[in-house]
Amino acid sequence: MSFPLLTATAVLPALGAIATAAVPAGRRTAAKWLALLVSLGTLVLAAVIAVRFEPGGDRYQLTESHAWIADFGVRYELGVDGIAVALIALTAVLIPVIILAGWHDADPLETDSQRWRPTQGFFALILSVEAMVILSFEATDVFLFYILFEAMLIPMYFLIGGFGDRAAPARQAAAGGGEENAAAQRSYAAVKFLLYNLAGGLIMLAAVIGLYVVAGNFSLTEIAEARANGTLEMATNTERLLFLGFFFAFAVKAPLWPLHTWLPNAMGESTAPVAVLITAVVDKVGTFAMLRFCLGLFPEASEWATPVILALALISIVYGALLAVGQRDIKRLIAYASISHFGFIVMGIFAMTTQGQAGATLYMVNHGISTAALMLVAGFLISRRGSRLIADYGGVQKVAPILAGTFLIGGLATLSLPGLAPFVSEFLVLVGTFARYPVVGVIATLGIVLAALYTLVLYQRTMTGPVKEEVRTLPDLRLRELVVVTPLIALLIFLGVYPKPLTDIVNPAVEHTMSDVQKKDPQPEVEAAK
């Protein structure tokens, strides 16, 4: 029996979460180092998965299958394609960065010795989220995926509500509030996050049950194969209803307009590392599931719903960018920018072209890296000044040039500057969309213009101009913070100049997805020379 590599990659952070939570209360530093070492071990296992994966081989590789709940046809069934491999790698890279960035976020507050922020719990929750996200990328049993899809909400709820942004009390005090008001805002954001995602999950549960009634099992590979060879047929209305049940849950998680409103609250009230965990890691489960489950299980319904989904994606792109332009809060600006970027990802998925879907997959990876870089540097800036308001900054580049420089690179990546990783993905999404839906592709380019506007205006107002009195003493990035940001910037540059390692893994998986929906790329119309 071969070594269960996929299981090990998820079990390691799960066991690490338990071990971290069990560290004695007085050994906070030991808990931090344990969590970091476990995350680095998971990164090593993710690298082994990437090395052992053969892009030209079977669609699902490193598979594992064991009986679980036999009476209901539920199996512990795992397998990875190129899309899953890329997203597992993204998760494994970002978690050590998140842990380092949040090194002091759960320490006891010096201003209130009676208030205890459980350091062990904070890092244990991050590792538990990593375990469930990785396993959800690996799951090829629909019921197993659903359990993980829902279970990851619990640690995220506590991370948002229990470990909020430390700039919030200062902001509330300035507005006449206080710590109690800030705690109420965190609680509101956490509950809103939970209720939105639970609602989506409940609708998905009904669809999962319906799928079992129709197919008789939960195996993604068996159902897809039966649909392809004609041994399993679904009535048109049944397939459409099941598709809508799955898509609704994934659109909430993604998030797609108009189901997006939980994200600005959750990211705004979270610490910067937790905000990165939300948008760069957890939300990718939603867009990944659209590719794996919506298109794989319901190809005809996917085609039927495409016009409406493309319209929603376009609204997300423009609406998110417009609201980002008008934001006064740094973290909420980044949140609305992410809504716009998720619109590009969904648009690429449902463009039904190889360029669009490959670009969407690359966008998931590159958006995760670029948003992590921008949000974490913004978090370092906010922790120094104690305010998230853009108007409270000015002239930072003169007192902290390295911080300003890394902030600029993260911002330029967010607006998809050529030479940085997101440019390749956004270009492929637009090319793939334009090939089949030229009007949609043209309108979507407005998001690029608006991205340049909100990013450059943010940099100008915070980093340039006269030095405000409150920022004169801001220190530049420290060693730990440089260790956090450097690998992200290196990846942005490397994948911007040489994306081939990612495209080689992703392209064969995209071809399989295109085969599921029985789509071929439109052929260019070129007039013959006279």
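Please read all numbers here as calculations on a predicted model, not as lab measurements.
Taking the side chain as every heavy atom from C-beta outward, Lys284 and Met364 approach each other to under 4.5 Å. By the 4.5 Å heavy-atom criterion applied to side chains, Tyr212 and Phe143 are not counted as neighbours. Within the 4.5 Å cutoff, the side chain of Ile369 has heavy atoms near those of the Leu495 side chain. Inter-residue side-chain proximity for Tyr196 and Thr261 is flagged as met; some heavy-atom pair is nearer than 4.5 Å. Residues Cys294 and Phe243 form a side-chain contact, since some pair of their non-hydrogen atoms from C-beta on lies under 4.5 Å apart. Side-chain contact between Val424 and Leu502: absent, with no pair of heavy atoms (C-beta onward) separated by less than 4.5 Å. Looking at heavy atoms from C-beta onward, Glu130 lies in side-chain contact with Ile134 at the 4.5 angstrom threshold. By the 4.5 Å heavy-atom criterion applied to side chains, Phe494 and Pro501 are counted as neighbours.
Checked options Tyr157, Phe158, Phe122; the residue passing with Phe163 is Phe122 (criterion: ring pair (Phe, Tyr, Trp, His ring centres under 6.0 Å)).
To the nearest 0.5 Å, the span separating CG on Asn507 from OG1 on Thr354 amounts to 7.5 Å. With values rounded to the nearest 0.5 angstrom, Leu153 atom CG is found 6.0 Å from Leu194 atom CG.
Of the possible donor and acceptor atoms, none in the side chain of Arg186 sits under 3.5 Å from a partner among the backbone N and O of Gly162. When atom types are taken as modelled, the side chain of Ser383 and the backbone of Phe380 share a donor-acceptor pair closer than 3.5 angstrom.
Contact check on Arg384 versus Glu481 returns a salt bridge, with a Lys/Arg side-chain nitrogen under 4.0 Å from an Asp/Glu carboxylate oxygen. For Asp329 and Arg388, the salt-bridge test passes: some basic side-chain N is under 4.0 Å from an acidic carboxylate O.
Taking all atoms of both residues into account, the shortest heavy-atom contact from Pro487 to Leu482 is CD-O, 4.4 Å. Of all heavy-atom pairs between Ala139 and Phe293, the closest is O-CZ, 4.1 Å.
For the residue pair Tyr363 / Thr287, no side-chain donor-acceptor distance below 3.5 Å is found, with atom types taken as modelled. For the residue pair Thr7 / Glu64, a side-chain donor-acceptor distance below 3.5 Å is found, with atom types taken as modelled. Looking only at atom types and distance, the side chain of His367 has a donor-acceptor partner in the side chain of Ser338 under 3.5 Å away. Judged purely by distance below 3.5 Å, without hydrogens or angles, the side chains of Ser219 and Asp141 never pair a donor atom with an acceptor atom.
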Under the criterion side-chain contact (heavy atoms from CB on, under 4.5 Å), I'd like the reasoning laid out for Tyr146 against Ile209: C-alpha separation, chi angles, the key distance, then a yes or no. CA-CA 11 Å; Tyr146 170 77; Ile209 295 171; over 6 Å; no
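Phe218 and Phe145 have their aromatic ring centers separated by at least 6.0 angstrom. Ring centers of Phe193 and Trp262: under 6.0 Å apart, within the cut-off.
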Donor-acceptor pairs under 3.5 Å, side chain of residues 78-97 to any protein atom, not counting sequence neighbours: which ones?
from: Asp81; atom 1: OD1; to: Ile83; atom 2: N; distance (Å): 3.3
from: Asp81; atom 1: OD1; to: Ala84; atom 2: N; distance (Å): 3.0
from: Thr91; atom 1: OG1; to: Leu87; atom 2: O; distance (Å): 2.9

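Within 6.0 Å of the CH2 atom in Trp33, the count of heavy atoms belonging to other residues, nucleotides or ligands does not exceed 12.
By the 6.0 Å and 45° rule, Lys253 stacks over the aromatic ring of Phe149.
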